[in-house]
Amino acid sequence: MRTLACALMFSASLAALAQQKAILLHDAALVDGTGAQVRPHVDITFRKGYIDSVRPAFTKDAPKNVEIVNCTGKTVIPGLISAHSHLGILLDNATPSPNAYTTENVTKALNQFERYGVTTIVSLGLNRDLVYQLRDQQREGNLGGATILTAGRGIGVPKGAPGLDVAPDQIYRPANAEEARKDVDEMASHHVDLIKMWLDSGHGKIPAMDPAVYTALIEEAHKHHLKVAAHVYTLADAKSLINANVDIFAHSVRDHVVDPGFAQTLIDHKIWYIPTLALDEAFYLYAEDPAIMKSEFFQQAAGPELLAKLQAPDYAEKTMAAAQTEQAKKDHEIAMKNLKTLYDAGVSIGFGTDSGAVPGRIPGFTEHRELADLVSAGLTPLQAITLATGENGRLLHEINSKLNVGLIKDGYSADIIILSADPLMDVHNTHKIDAVYHHGVLVPNPAPQN
Ligand SMILES: [Zn+2]
């Protein structure tokens, strides 16, 4: 269905690209996103937005007609990809508002993602139809920031999930299977990149989606060759969705510990699993570990309004006493355990954070936190970075076969982060951003290193 060519899926200005000389990153340590070990002393050349060559660093004569950027002692990784984020839900990262989905506010978030090295995001539902225009403007080179893929509004439940304060045209809530099919058709007519649905009864407190509705919407999406990502919480719901041919779990299973049999089912059905480990943690992280808020890296991402909320005198005490905190901690622990089980079994694991959905899940910052959480769950820094780059690129390529992102390899979009410290020694070194290139163009004002 997606007949629009997506070759121009980038946000850099066309004029800037046309004028651009080839750029050669010289003598970098390369983590290429495939999961391969670091390669020392590498030259990476890119032009017109795409990677041209990756070869051993020149030692004698420097190539001519290229701009050489010396990267001795630096590590180069692909731009990060979030396959689960949101736009236009919060004002100033701090306040949910049905009026937040504006060009100005969305652009601000896209720029923030990009400054933090997140060069591509999937805005996984809760978008106003404005998103389609913004995506087109990006493709024409007239809108900056992280590249957007979108699930449009997404499909929720009448009086049920998602329980967020958004405008009525940010979500469909079909009453029956027939309405759900129409909603999918409408989104397909806008060339959404995928379909998002919510299946969750909020611990039995709100109505869950009727199986007839999700069965129909998944079937309809597949007619349009669109994948379906489901918000999920319980193992029972996950199993029902597998039977209905869902493609992507947008969150971890968090009510039960999963077993290798469940992992095998995901593998057999080629289902992607996006753990969003940072999601539950964001409810209590800043109360439990206020030191995390000291860095400029954090403060610039949070912004003054959110910072004031999180640093209010009673915030920590109130948060730690809240019933939600106890539940979130339990959920986080199970999510971490399940991720490790599924990763070890060989399930396809995506990378996403739910950043932008609620205050505390902060565009750009939370993606780096997710990397650290993956390491806390038992992955190596290399494995964590691979999920956020090459593996997520593989997921996006399945969604749109014209999109080649997530690897530092010939023909891929030149989305690149230069780090001044080795992220494989300590995953927190992904904060040490020296420079970000997005589709070959240097991003102004990258995130502060400390
Ligand atoms: Zn979400």
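Every number for a ligand or one of its atoms is a count from 1 in the order of the listing.
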Does R128 reach the main-chain N or O of Q170 with its side chain, forming a donor-acceptor pair under 3.5 Å? no
Can you check whether Y273 and Y343 have ring centres sitting under 6.0 Å from each other? no
About how large, to 10 degrees, is the angle NE2 of H84, then the Zn ion (ligand 1), then NE2 of H86? 100°
Which atom, counting only N, O or S, brings D354 closest to the Zn ion (ligand 1)? OD1
Do F351 and H84 have ring centroids that are under 6.0 Å from one another? no
Restricting to N/O/S atoms, is H231 within less than 2.8 Å of the Zn ion (ligand 1) or not? no
Kindly confirm whether the Zn ion (ligand 1) is within less than 2.8 Å of some N/O/S atom in H251? no
Taking only residues two or more places apart in sequence, or in another chain, which ones meet Q327 in a side chain to side chain contact (heavy atoms under 4.5 Å, CB included)? H203, Y233, D331
